[in-house]
Amino acid sequence: MESFTVSEIETAMGAYRSGARGGTIMPRIAKGFSSSEAHAIAAFLGRDRKIAP
């Protein structure tokens with residue numbers, strides 16, 4: 001599974017929101033989030049998820 005940093009996720013969310021990054025669903029979804037909500041999503045998705053054996 002590929003990992004992305006919080007910064008990369010925030011940048012992508014911003015690009016979807018502004019229309020700089022295309023897509024079919026994500027641009028519409030991203031426009032519904034404020035900057036602080038997008039940051040919280042990025043922080044959650046960008047966290048280190050090591051699975052214990």
Side-chain angles (χ1 to χ4, degrees):
M1 182 176 163
E2 189 172 354
S3 296
F4 296 97
T5 66
V6 173
S7 178
E8 291 171 327
I9 296 168
E10 277 189 287
T11 300
M13 291 284 284
Y16 281 125
R17 249 193 346 255
S18 72
R21 186 170 181 167
T24 55
I25 303 291
M26 197 59 201
R28 289 184 269 172
I29 292 170
K31 287 179 183 173
F33 296 115
S34 68
S35 294
S36 61
E37 289 170 326
H39 175 74
I41 292 166
F44 177 78
L45 294 175
R47 76 190 191 287
D48 187 17
R49 290 182 229 124
K50 292 184 181 170
I51 299 173

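Any value given below was found using the heavy atoms of this structure, including those in side chains, with hydrogens, waters and symmetry copies removed.
Partners of Thr24 by side chain to side chain contact (heavy atoms under 4.5 Å, CB included), not counting sequence neighbours: none found. When the side chain to side chain contact (heavy atoms under 4.5 Å, CB included) test is applied to Ser36, the partners found at least two apart in sequence or on another chain are Ser34. Phe4 pairs by the side chain to side chain contact (heavy atoms under 4.5 Å, CB included) definition with Glu2, Glu8, Ile9, not counting sequence neighbours.
A single hydrophobic cluster is seen to contain both Leu45 and Phe33, as judged by linkage of ILVMFWY side chains at heavy-atom distances under 4.5 Å, directly or through other members.
Between the OG1 atom of Thr11 and the CE atom of Met13 there is a distance of 11.5 Å, given to the nearest 0.5 Å. The OG atom of Ser3 sits 11.0 Å away from atom CZ of Arg47, with the distance rounded to the nearest 0.5 Å.
Residue Glu37 comes nearest to Gly32 through the heavy atom pair OE1-O, 3.9 Å, listed as atom of the first residue, atom of the second, then distance.
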Side-chain donor-acceptor contacts of residues 15-23 below 3.5 Å, not counting sequence neighbours, with atom names and distances?
unit_1	atom_1	unit_2	atom_2	d
Tyr16	OH	Arg21	NE	3.4
Ser18	OG	Gly14	O	3.3
Ser18	OG	Ala15	O	3.2
Ser18	OG	Ala20	N	3.3

